[in-house]
There are 2 protein chains.
Amino acid sequence: MSQADTVTRILDSAEELFAEKGFAETSLRMITTRAKVNLAAVNYHFGSKKDLIQAVFARFLSPFCSKLDKELTVMAAANTEPDLRDVLDVLARTMLTGVHSTVGTRKLSVFMRLLGLAYTQAQGHLRRFLKENYHETYSRFILYLRAAHPELSPREIFWRIHFAIGACVFTMSSIEVLRDMSMADTGEDSGVEDVMNQLIPFLAAALER
Amino acid sequence: MSQADTVTRILDSAEELFAEKGFAETSLRMITTRAKVNLAAVNYHFGSKKDLIQAVFARFLSPFCSKLDKELTVMAAANTEPDLRDVLDVLARTMLTGVHSTVGTRKLSVFMRLLGLAYTQAQGHLRRFLKENYHETYSRFILYLRAAHPELSPREIFWRIHFAIGACVFTMSSIEVLRDMSMADTGEDSGVEDVMNQLIPFLAAALER
DNA sequence: GATTGTTTAAAACGACCGTTTAAAACGAGA
DNA sequence: TCTCGTTTTAAACGGTCGTTTTAAACAATC
């Protein structure tokens, strides 16, 4: 087994388990067992559990953000005055293509769940790491949102977009629970795609009102 | 120190710490140290950590749900055909009065954060506990929502209301982080009330579209 | 094929976890 | 005041955690 294999297998297992259980509830022993590597491999290749957490985020956020950056540039070049739909379309398309990442397909729910963890379970080290590495792209995205709605104050833009993020992240974070509840309530199963198809108009209505 | 004191102090500390850090990241030693009681007191009075978690939820959900039940009855008696605003008003008012609970004032953000944990960190035992004890009130609330919008399918109602819950829970759960980010982005501080004042029209627009 | 640097392996470390035990302290009723 | 059930205390238990250590296995260079 090559080094790349070991590192990748650890990242894969860690990503799955973090998304499923959170950081504290996932032990290095679970990760290394699932990855079929030795326990010490995590500390050897990554240094510590904290560094592993950061590496998991880096692996999907770095390609995602550079893709988003490129797409924003394309958008800005094509259209002198991008409206809200344009900006959100760029985000949505980048997310969907970013999900089908370099190595196979990453589930959208895993992506969302990790994003949710970043907000709700981020200890100091992760928050600092994310800000340091991805704040630039984030600011740029927000800037285009502002440009699309110059009549709204920056504060209004900020909060509306974070309400929307909340609806997405919460929904996708607890998608299994919610699907169970929906099943119990309505008697019908809701596929993840059904949910997305309802979520998008919901968000559009809330953002554009 | 009386028994009631000990039990209450444990619940207070546990509630704060759970809301701040989550379940796994909060140890019984942290709780008992903050509560200034002996470590064994938790197992003596509650049985186990799981039982303590359930007790924390029971303490704020039980009064909340019985209040909500009463208010729903009042609403149903006063108005033969309650519309969406009526139903949501009942919920909002119950939440705000429920927050100022029997013992002092509980922060709204703590209430929301616990609600968020129930969705995103609930292990089997907590999920079962919540369903067993509070599912009845929940169903009744959903029923009124359906009656208010009979043209929408139960599935649509279910998902819209949970998207809305997501926006609330996420926002209030990470309110500190978000206020920091907003400050860094816009240069202006957003008070919690400002945020609420923007959240409500956002949700109304999304639900009623 | 010996040597060197890299990666894997097994075992152990100290720390902290939730829980249990057994004795001490307490408080109300006889 | 003595008693007896309740509550608090201090100490210990077994177990799991993240991390470290030491040696073995491996791969590339000469």
Side-chain angles (χ1 to χ4, degrees), chain A residues 1-59 103 117 121-129, chain B residues 1-59 103 117 121-129:
Chain A
M1 191 188 303
S2 74
Q3 173 193 351
D5 268 350
T6 301
V7 169
T8 303
R9 295 156 69 93
I10 290 174
L11 285 172
D12 288 341
S13 303
E15 182 177 277
E16 286 173 22
L17 286 166
F18 287 154
E20 186 185 330
K21 303 173 176 296
F23 303 132
E25 294 88 344
T26 302
S27 70
L28 296 185
R29 285 168 175 82
M30 293 180 196
I31 294 170
T32 53
T33 301
R34 176 178 296 209
K36 297 194 171 87
V37 302
N38 188 271
L39 168 62
V42 169
N43 289 282
Y44 176 77
H45 287 287
F46 295 93
S48 68
K49 187 179 181 180
K50 287 182 181 180
D51 291 321
L52 172 60
I53 292 173
Q54 294 180 9
V56 167
F57 276 85
R59 186 172 64 150
V103 188
L117 292 182
Q121 292 204 356
Q123 308 296 87
H125 76 96
L126 181 56
R127 198 122 62 215
R128 261 175 274 121
F129 172 81
Chain B
M1 190 188 305
S2 75
Q3 173 191 352
D5 267 351
T6 301
V7 169
T8 303
R9 295 156 68 93
I10 290 174
L11 285 173
D12 288 342
S13 302
E15 182 177 275
E16 285 173 22
L17 286 166
F18 287 154
E20 187 184 329
K21 302 172 176 298
F23 304 133
E25 295 88 343
T26 302
S27 71
L28 296 185
R29 284 169 175 81
M30 293 180 195
I31 294 170
T32 52
T33 300
R34 176 177 297 208
K36 296 193 171 87
V37 302
N38 189 272
L39 167 61
V42 169
N43 289 283
Y44 176 76
H45 287 287
F46 295 93
S48 68
K49 186 179 180 179
K50 287 182 181 181
D51 291 320
L52 172 61
I53 292 173
Q54 295 179 9
V56 167
F57 276 85
R59 186 172 64 151
V103 188
L117 292 181
Q121 292 204 354
Q123 308 297 89
H125 76 97
L126 181 56
R127 197 121 65 216
R128 262 175 273 121
F129 172 81

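Chain identifiers are assigned alphabetically (A, B, ...) following the order of the sequence lines, protein sequences preceding nucleic acid strands; residue numbering begins at 1 within each chain.
The NZ-C1' distance, from A/Lys36 to C/dA10, rounds to 20 Å in whole Å. Whole-Å rounding puts the B/Glu25 CD to D/dG18 P distance at 12 Å. The nearest whole Å value for the distance from the CG atom in A/Leu17 to the C1' atom in D/dC17 is 15 Å. Whole-Å rounding puts the B/Asn38 CG to C/dC26 C1' distance at 15 Å.
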**Fill in**
Heavy-atom contacts, protein to nucleotides 16-22 of chain C, under 4.0 Å, summarised as B (base), S (sugar-phosphate only) or - (none) per nt, yield -BBBB--
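Within the 4.0 Å cut-off from OP1 or OP2 of C/dT7, not a single side-chain nitrogen or oxygen of A/Thr6 is found. OP1 or OP2 of D/dT8 has at least one side-chain nitrogen or oxygen of B/His45 nearer than 4.0 Å.
For residues 20-41 of chain B, every residue pair satisfying the ring-ring contact (aromatic ring centres under 6.0 Å, His included) rule, not counting sequence neighbours, is listed here: B/Phe18-B/Phe23.
The side-chain heavy atoms of B/Ile53 and B/His125, taken from C-beta on, include a pair separated by under 4.5 Å. Between A/Asn43 and A/Leu28 there is a side-chain heavy-atom pair separated by less than 4.5 Å. Between A/Ile31 and A/Leu52 the shortest side-chain heavy-atom distance falls below 4.5 Å. Put simply, the side chain of A/Val56 reaches to within 4.5 Å of the side chain of A/Leu11, judged on heavy atoms.
Taking every heavy atom of both residues into account, B/Ala24 and A/Glu25 meet most closely at CB-OE2, 3.5 Å.
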